[in-house]
Amino acid sequence: KEIYATLEKLGFKVKNGVTVPSHRATKDVTVEEDLIEEVGRIVGYEKIKPKSPSQPIEIPIENVTREREHKARELLSALGVNEVLNYSFYSEEDFKNALLPEEDHILVKNYLSTEQTHMRLSLLPNMLKNAHLNSKNFEEFSIFEIGRTFKEIDEFYPAEEEKLGVLVQGEKSFYQLKGILEEFFEQFLK
């Protein structure tokens, strides 16, 4: 009775269902949960007793790919490698500078910038740009990126692959990279 009275005070018609008043034309009340929120707002949320769900709660399906990404990020960050996040696009100049061939690249028909004309086939071109920018301020650094690459396969959708790239710059970069990768794989494959 209290719920019905509250809804009627708000202009709702409560007979054989609930009719939303015309002055609520913003369509902010469209589902059952919106009505519950209206009542809770007026009555006071603190007056509503919490109740556990009546159905058993199931553990969501395990997302192995996401868990591996999180593990890789944690391990590389713990090893002192900084993550970079790049767009999934680059320019023709970028992939040519990285010595990647033009075939298998996907040209974006409605690109917004001349810097983002092709979908990336590799993480390398953008990581090289990151390295170029970082080298202006740091002599030594290490970066990684986890991201999708896209390859033209003459079907409606391109082939997508999840890739990991690690780049190290410094006087002993080969040995530093070797050490990072050895420790990473030892921990990651546990």
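Side chains are part of it too, since the values below use all heavy atoms of this structure and drop only hydrogens, waters and symmetry mates.
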Can you tell me how far apart [atom1] ([X]) and [atom2] ([Y]) are? Round to the nearest 0.5 Å.
X: Leu75; Y: His70; atom1: CG; atom2: NE2; answer: 13.0 Å
X: Ser113; Y: Tyr90; atom1: OG; atom2: OH; answer: 15.0 Å
X: Glu33; Y: Thr30; atom1: CD; atom2: OG1; answer: 9.0 Å
X: Glu8; Y: Lys13; atom1: CD; atom2: NZ; answer: 10.5 Å
X: Phe138; Y: Asn82; atom1: CZ; atom2: CG; answer: 8.5 Å
X: Thr149; Y: Lys163; atom1: OG1; atom2: NZ; answer: 3.5 Å

Check whether any side-chain N or O of [X] sits under 3.5 Å from a backbone N or O of [Y] as a donor-acceptor pair, and report yes or no.
X: Arg120; Y: Arg148; answer: yes
X: Glu155; Y: Tyr157; answer: no
X: Ser135; Y: His132; answer: yes

[X] atom [atom1], neighbour heavy-atom count above 12 within 6.0 Å:
X: Ile59; atom1: CD1; answer: no
X: Arg68; atom1: CZ; answer: no
X: Glu161; atom1: CD; answer: no
X: Glu67; atom1: CD; answer: yes
X: Glu46; atom1: CD; answer: yes
X: Lys178; atom1: NZ; answer: no
X: Glu162; atom1: CD; answer: yes
X: Lys129; atom1: NZ; answer: yes

Quick one: are [X] and [Y] in side-chain contact, heavy atoms under 4.5 Å?
X: His105; Y: Met119; answer: no
X: Tyr175; Y: Leu177; answer: no
X: Asp34; Y: Asp28; answer: no
X: Phe89; Y: Thr117; answer: no
X: Asn97; Y: Leu128; answer: no
X: Asn110; Y: Val108; answer: yes
X: Leu99; Y: Leu124; answer: no
X: Leu167; Y: Ser142; answer: no

Considering all heavy atoms, the nearest [X]-[Y] contact:
X: Gly11; Y: Pro21; answer: O-CB, 3.3 Å
X: Ile143; Y: Ala131; answer: CD1-N, 4.4 Å
X: Thr114; Y: Ser91; answer: O-CB, 3.3 Å
X: Gln116; Y: Tyr111; answer: O-CB, 3.3 Å
X: Leu121; Y: Glu103; answer: CD2-O, 4.2 Å

Quiz item: Can you list the other members of the hydrophobic cluster that holds Val39, where links are side-chain heavy atoms under 4.5 angstrom apart?
Solution: Ile3, Tyr4, Leu7, Leu10, Phe12, Val14, Val18, Val20, Val29, Leu35, Ile42, Val43

Would [X] end up clustered with [Y] when hydrophobic side chains under 4.5 Å apart are linked, directly or stepwise?
X: Val84; Y: Ile146; value: no
X: Leu123; Y: Phe141; value: yes
X: Phe185; Y: Leu164; value: yes
X: Leu189; Y: Leu76; value: yes
X: Val166; Y: Leu100; value: no

Answer yes or no: is there an ion pair linking [X] with [Y], defined by an N-O contact shorter than 4.0 Å?
X: Lys9; Y: Glu38; answer: no
X: Lys96; Y: Glu92; answer: yes
X: Glu145; Y: Arg73; answer: no

Quiz item: So, Asn126 versus Asp94: side-chain donor-acceptor pair below 3.5 Å or not?
Solution: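 Checked: Asn126/Asp94 side chains show no N/O donor-acceptor pair below 3.5 Å.
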
Exercise. Report the residues that fulfil ring pair (Phe, Tyr, Trp, His ring centres under 6.0 Å) with His118, sequence neighbours left out, ordered by chain and then residue number.
Key: Phe95

Practice problem: Would you please name every residue forming a ring pair (Phe, Tyr, Trp, His ring centres under 6.0 Å) with Phe188, sequence neighbours left out? | Solution: Phe184

